[in-house]
Amino acid sequence: MKVLIVTMTCGEGHNAIARSLKDGFAPEDEVKIVNLYEHLGKKDPYGKAYLFSVKHFPKVFTALWNYARKIDPDRRYRGLAMQGILKAADEMERVALEFQPDAVLCTHNQASNVFCWLKIHNRFQGKIYSIFFDYVTCPYWEGSVLCDAIFTPHEITHAEILSRGFRTEQLFAYGFPVNPKYDKVISKSEARAALGIAEDDFVVLTVNGGMGVGNIGGLVKQFSRIKKGGKNLCVLTVCGSNRKAYGKVSRIVKKRKLENVRVFGFVDNLDVMLSAADLFFCRGGGGAVSESLMKGVPFVVREKAVAQEYLNGKLFSSLGICYVMKRLSDTRKILKEAMRLQNDKQLNSEISDYVRRGSVENIVNHIKSFN
């Protein structure tokens with residue numbers, strides 16, 4: 001089987017989903033990953049604009065995001081959505097004609113919008129699938145209504161996406177397609193032994209996305225000298241590919257002599273770190289939230305979270321399995337509350353109820369069954 005996976009770089013999450021899905025297919029399958037705007041090279045405005053606005057103007061980004069989400073669903077291929085479609089349409093048509101896929105699998109709605117537009121104009125007639133990559137509906141999803149299927153993380157997302165013009169029979173709640181390694185059960189003791197962490201420490205993991213967006217140093221300062229009944233606090237801080245943040249946090253740790261804080265750049269054992277953690281601070285994107293849910297670890301959506309991150313946090317906060325920070329000074333209050341609830345069985349049972357494991361396998365099997 002030949003599958004074309006189309007991703008988009010606005011943060012690293014969509015690319016990570018693409019890689020996870022590719023790994024889910026059999027060796028005999030021919031799977032190709034392409035970036036929706038890679039043909040624009042340095043002129044690609046979308047990924048860079050997203051990261052810049054999220055980092056420097058989160059309130060402006062959120063306001064525009066919320067405005068776009070209220071646009072009439074019948075205006076599927078107009079305005080900003082149309083600009084993106086026209087920039088990518090010719091190249092995606094060329095790629096599809098050259099590769100001749102049995103199915104196109106999109107990890108971003110802009111990608112499925114492009115292929116649905118091509119389908120309307122009789123420039124592509126193959127199967128189109130798309131991943132619903134958050135727990136809330138992002139703007140312009142309505143442009144993907146011609147998809148043969150939308151794979152969602154859970155039924156709690158369906159009411160909103162149905163309001164955008166989709167049909168119930170298009171939606172399949174298969175879980176979030178994180179890397180299958182997160183489904184592997186690693187005991188807390190085993191994970192801590194692998195990382196050299198004491199068994200009775202309270203372990204906090206902080207990750208600000210693959211590109212390390214946000215005030216990581218400020219958060220680390222908040223963790224200084226917090227203890228729980230004689231137990232030490234161990235902080236694992238992952239800066240991703242943000243070298244500047246890594247250097248800054250490393251200097252803070254050295255200057256303040258924070259022996260309980262470990263600083264990392266880009267890591268490939270985040271599944272082990274999450275298995276060792278008691279609390280997870282993150283941006284609140286769909287991937288990070290789902291990884292936390294799969295590992296049964298309570299999570300915190302950080303301050304200055306942009307639209308979809310905040311709404312993800314708000315949703316799971318209402319279910320009692322997440323904290324949402326408004327400002328950095330909330331850190332200690334949240335940490336103390338999490339320490340108090342550390343042995344709360346209800347919390348972890350609710351988390352596991354909201355995750356369907358094996359989502360990559362489910363998606364791959366679905367595509368193969370209908371092609």
Student: Give a yes or no answer on whether the side chain of N242 reaches the backbone of C239 with a donor-acceptor pair at less than 3.5 Å.
Tutor: no
Student: Shortest non-hydrogen contact from S20 to V178?
Tutor: OG-C, 3.7 Å
Student: From K221 NZ over to R256 CZ, what is the distance, rounded to the nearest 0.5 angstrom?
Tutor: 5.5 Å
Student: State the NZ-CG distance between K119 and L146, to the nearest 0.5 angstrom.
Tutor: 6.5 Å
Student: Salt bridge between D330 and R327, side-chain N to carboxylate O under 4.0 Å?
Tutor: yes
Student: Under 3.5 Å, side chain of Q222 to main-chain N/O of L219, donor-acceptor pair present?
Tutor: no
Student: Does the gap between the ring centers of H14 and F133 come in under 6.0 Å?
Tutor: yes
Student: For N362 and G175, indicate whether the former's side chain and the latter's backbone hold a donor-acceptor pair under 3.5 Å.
Tutor: no
Student: Just jot down the ring pair (Phe, Tyr, Trp, His ring centres under 6.0 Å) partners of Y310, sequence neighbours excluded, or say none.
Tutor: none
Student: Looking at T237 and V263, would you say the former's side chain and the latter's main chain have a donor-acceptor pair under 3.5 Å?
Tutor: no
Student: Just do the ring-ring contact (aromatic ring centres under 6.0 Å, His included) check on F223 and F281 with the steps written out, would you?
Tutor: CA-CA 12 Å; F223 292 134; F281 283 76; 5.4 Å; yes
Student: For G196 and R262, work out which heavy atoms get closest and say how close.
Tutor: O-NH2, 2.8 Å
Student: Sub-3.5 Å donor-acceptor pair from the side chain of K22 to the main-chain atoms of K32, do we have one?
Tutor: no
Student: Quick check: does any side chain N or O of Q170 sit under 3.5 Å from a backbone N or O of C147, one acting as donor and the other as acceptor?
Tutor: yes
Student: Could you tell me whether the side chain of V324 reaches within less than 4.5 Å of the side chain of F316, counting heavy atoms only?
Tutor: no
Student: Tell me the closest heavy-atom pair linking W141 and N113, and the distance in Å.
Tutor: O-OD1, 4.2 Å
Student: Are the side chain of Y77 and the backbone of G143 linked by a donor-acceptor contact shorter than 3.5 Å?
Tutor: yes
Student: For the pair I321 and L293, evaluate side chain to side chain contact (heavy atoms under 4.5 Å, CB included) and give the outcome as yes or no after the intermediate values.
Tutor: CA-CA 9 Å; I321 55 180; L293 293 174; 4.1 Å; yes
Student: At their closest point, which heavy atom of L195 faces which heavy atom of M273, and how far apart are they?
Tutor: CD1-CA, 3.9 Å
Student: Quick check: does any side chain N or O of D148 sit under 3.5 Å from a backbone N or O of Y129, one acting as donor and the other as acceptor?
Tutor: no
Student: Side-chain atoms of residues 93-106: list all donor-acceptor pairs with protein atoms under 3.5 Å, sequence neighbours left out, distances to 0.1 Å.
Tutor:
residue : atom : partner : partner atom : Å
E93     : OE1  : R123    : NE           : 3.1
E93     : OE1  : R123    : NH2          : 2.8
E93     : OE2  : R123    : NE           : 3.3
R94     : NE   : E91     : OE1          : 3.2
R94     : NE   : E91     : OE2          : 3.4
R94     : NH1  : E98     : OE1          : 3.1
R94     : NH2  : E91     : OE2          : 2.7
Q100    : NE2  : L97     : O            : 2.9
D102    : OD2  : K2      : N            : 2.7

Student: Test your reading of the model: is there a side-chain donor-acceptor pair from S292 to the backbone of V289, 3.5 Å cut-off?
Tutor: no
Student: Any side-chain heavy atom of R251 sitting closer than 4.5 Å to one from K248?
Tutor: yes
Student: Kindly determine whether L236 and I197 satisfy side chain to side chain contact (heavy atoms under 4.5 Å, CB included), including the steps that lead there.
Tutor: CA-CA 10 Å; L236 307 176; I197 299 173; 4.0 Å; yes
Student: Would you mind checking if R76 and D74 are paired as a salt bridge, meaning a charged N to carboxylate O distance below 4.0 Å?
Tutor: yes
Student: Before you tell me yes or no, could you show the steps for T9 and N15 under side-chain hydrogen bond (donor to acceptor under 3.5 Å, both in side chains), namely the whole-Å CA-CA distance, both residues' side-chain angles and the distance that decides it to 0.1 Å?
Tutor: CA-CA 7 Å; T9 302; N15 296 333; 3.1 Å; yes
Student: Measuring from S317:OG to L311:CG, what's the distance to the nearest 0.5 Å?
Tutor: 12.0 Å
Student: For Y135 and S290, run side-chain hydrogen bond (donor to acceptor under 3.5 Å, both in side chains): C-alpha distance rounded to whole Å, both residues' side-chain angles, the deciding distance at 0.1 Å, then the answer.
Tutor: CA-CA 10 Å; Y135 293 85; S290 299; 2.6 Å; yes
Student: Run through D201, D200, D278 and flag the one making a salt bridge (Lys or Arg N to Asp or Glu O under 4.0 Å) with R192.
Tutor: D278
Student: Would you say that L274 contacts E291 through its side chain, given a criterion of any heavy-atom pair below 4.5 Å between the two side chains?
Tutor: yes
Student: Keeping R69 on the side-chain end and T137 on the backbone end, is there a donor-acceptor pair under 3.5 Å?
Tutor: yes
Student: Is the CD atom of Q125 crowded by more than 12 outside heavy atoms at less than 6.0 Å?
Tutor: yes
Student: Is D268 salt-bridged to K181, cutoff N-O under 4.0 Å?
Tutor: no
Student: Using the side chain to side chain contact (heavy atoms under 4.5 Å, CB included) rule, take L21 and V3 through it: C-alpha gap first, then chi angles, then the decisive distance, then the call.
Tutor: CA-CA 10 Å; L21 290 167; V3 179; over 6 Å; no
Student: If you compare all heavy atoms of Y174 against all heavy atoms of S359, which two are closest, and at what distance to 0.1 Å?
Tutor: O-CB, 2.6 Å
Student: Which atom names give the shortest non-hydrogen contact between E160 and V136, and what distance separates them?
Tutor: OE1-CA, 4.0 Å
Student: Should I17 and F176 count as side-chain neighbours, where that means a heavy-atom distance under 4.5 Å?
Tutor: yes
Student: For the atom pair CD (E303) and OG1 (T331), what is the distance rounded to the nearest 0.5 Å?
Tutor: 7.0 Å
Student: Can you spot which of T206, V204, V235 makes a side-chain contact (heavy atoms from CB on, under 4.5 Å) with V261?
Tutor: V235
Student: Answer yes or no: does atom NZ of K368 have more than 12 heavy-atom neighbours from other residues, nucleotides or ligands under 6.0 Å?
Tutor: yes
Student: Let me see the working for V238 and L205 under side chain to side chain contact (heavy atoms under 4.5 Å, CB included), right down to the final yes or no.
Tutor: CA-CA 8 Å; V238 179; L205 174 64; 4.0 Å; yes
